[in-house]
2 protein chains.
Amino acid sequence: MDKNLKSMTTMHRMQQTGLELFYKQGFYNTSVDDILKSLGLSKGAFYYHYPSKEEFFINIVQQLVFRKVYSMLIEPVEGRNNPLHAIEVCLDEALETAEHNTMDYGFVLANFINEFNGRNEQITKYLTDICKVWEVNLVATLQKGKTDGFVERHVDSEAVATYIISSYFGIRTLMVSGNKKVLRYQYIQQLRNYFRSLSPVVIA
Amino acid sequence: MDKNLKSMTTMHRMQQTGLELFYKQGFYNTSVDDILKSLGLSKGAFYYHYPSKEEFFINIVQQLVFRKVYSMLIEPVEGRNNPLHAIEVCLDEALETAEHNTMDYGFVLANFINEFNGRNEQITKYLTDICKVWEVNLVATLQKGKTDGFVERHVDSEAVATYIISSYFGIRTLMVSGNKKVLRYQYIQQLRNYFRSLSPVVIA
DNA sequence: CGTTGGACCGACTGCCTGGTCGGTTTCTCC
DNA sequence: GGAGAAACCGACCAGGCAGTCGGTCCAACG
């Protein structure tokens, strides 16, 4: 396993830099040479580790993008007691990260879905699968929230999940070229508003 | 003016085809030759009418994209009495169009904002300006709705507008690779839910 | 009928791209 | 310390790109 160590390290460095540049400039608009130059490596090194640019990207999606989405948006919500509150806090934190990131180019997943849509079915599938994991998890959490009395029983969990994901995709696109701070505040405020309509009526 | 007629016709054809391909494949992923080939025209014709690919695209944004957004999303809402209802109907119709379009690649505006973000400031500005027109119009309509008693007076119109735009951007991204019919239904259902939280409480 | 100019043609240039491949360095293990 | 494999180098190729430019076609006009 020791002999693999160097290889693993290089591959990991390539993936990191690759994701960074693909995210910043888009996949089709980033050349393999761009990545190599920024790493001080050569063509040979790249094609020694990866068979093609496309395969390289798929690796990045599975390794890095999925993990990112999971740790930022899925894990912090998973199985929490009060789902609406957990989701709100989670999304607010995600937006906070985006807000303070001067190099923000939108939600990675949404950006790539957009770019590959209609151009590469296979990659699109990998990306939408990540979405689906997120969605399934939201639905499960919401359903649990119903039995625990945190969510109105008549609400359509699938629809709520869709609506949450939609709004997050959208706000992240808006944030890249607007006042991040204000947008985040407005978004969370209205999300809370929306969530109120999903909560059981409290009889004071 | 008669001598301009032919020129105008050609330019218009170029813009139509240009938008179609840029929308389908992205700006950077569509070559000028692609457009020309699909029109049966030559390089000479293109550079006779437009100084550059970029300038060409800016023309398309101002001529076609703006009109499209205006006629589909702004005009049908503008100055309506019951704003929440008008917005709901308008977005539903917009999604219906998207649903029945087999060649749907998402919301034009959001796609382009995504693609040019961080790569071309000037174009990004043209695109976000269109967003702003939409937003301003939503806010105005909502404010009017307050005085007319259709919208709760304490709601933050700017925030609501932001939230509406976000969710629409997002659902259009999701629709390109999901069950359009279901997504549309879910979206409108939750939008209505959300809007309920903005309406004045009806004392039955 | 000759000339003029707007609309268009298409070969060409210089540059960049993904990918190949013969060769070199570095590591590992005997 | 030497052999063999793993990791990496960089010149090279074919194809695609935006943009150029000398030339052609043809309607309108005098």
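Here is how names work: the chains are called A, B, and so on, in the same order as the sequence lines, proteins then strands, and each is numbered from 1. What you see is a predicted model; the values in this text were computed from it and never measured.
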For this session: Could you name each residue pair satisfying side-chain hydrogen bond (donor to acceptor under 3.5 Å, both in side chains) that touches residues 126-136 of chain A, not counting sequence neighbours?
Result: A:Lys125-A:Asp129
Exercise. A:Tyr50 OH to D:dA7 C1': how many Å, rounded?
Worked result: 14 Å
Exercise. Rounded to whole angstrom units, what separation is found between the NZ atom of A:Lys6 and the C1' atom of D:dC9?
Worked result: 12 Å
Problem set entry | Under the side chain to side chain contact (heavy atoms under 4.5 Å, CB included) test, residues paired with A:Val136 that sit two or more places apart | none
For this session: Check whether any side-chain N or O of B:His49 sits under 4.0 Å from OP1 or OP2 of C:dG6, and answer yes or no.
Result: no
For this session: Calculate the interatomic distance between B:Leu5 atom CG and D:dA28 atom P; express it in whole Å.
Result: 12 Å
For this session: If a pair satisfies side-chain hydrogen bond (donor to acceptor under 3.5 Å, both in side chains) and one of its residues is in residues 11-22 of chain A, list it, with sequence neighbours excluded.
Result: A:Gln15-A:Tyr50
Exercise. Could A:Lys53 and A:Phe27 be counted as a cation-pi pair, given that NZ or CZ must be under 6.0 Å from the ring centre and within 45° of the axis?
Worked result: yes
Problem set entry | N or O in side chain of B:Tyr48 less than 4.0 angstrom from C:dA7 OP1/OP2 | yes
Exercise. Once you round it to whole Å, what is the distance between C1' of D:dA27 and CG of B:Asn4?
Worked result: 15 Å
For this session: Summarise protein proximity over nucleotides 15-21 of chain D in one line of letters, 5' to 3': B for base, S for sugar-phosphate only, - for none, counting protein heavy atoms closer than 4.0 Å.
Result: --SBBB-
For this session: Please identify each residue that fulfils salt bridge (Lys or Arg N to Asp or Glu O under 4.0 Å) with B:Asp92, with sequence neighbours left out.
Result: B:Arg184
For this session: Could you tell me the separation between the CG atom of A:Leu36 and the C1' atom of C:dG18, rounded to a whole number of Å?
Result: 12 Å
For this session: Nearest whole angstrom, please: distance from the P of D:dA7 to the CE of A:Met11.
Result: 10 Å
Exercise. Who are the side chain to side chain contact (heavy atoms under 4.5 Å, CB included) partners of A:Tyr48, not counting sequence neighbours?
Worked result: none
Problem set entry | OP1 or OP2 of D:dA6 under 4.0 Å from side-chain N/O of A:Ser7 | no
For this session: Send over the distance from B:Leu39 CG to C:dC8 P, rounded to a whole Å.
Result: 11 Å
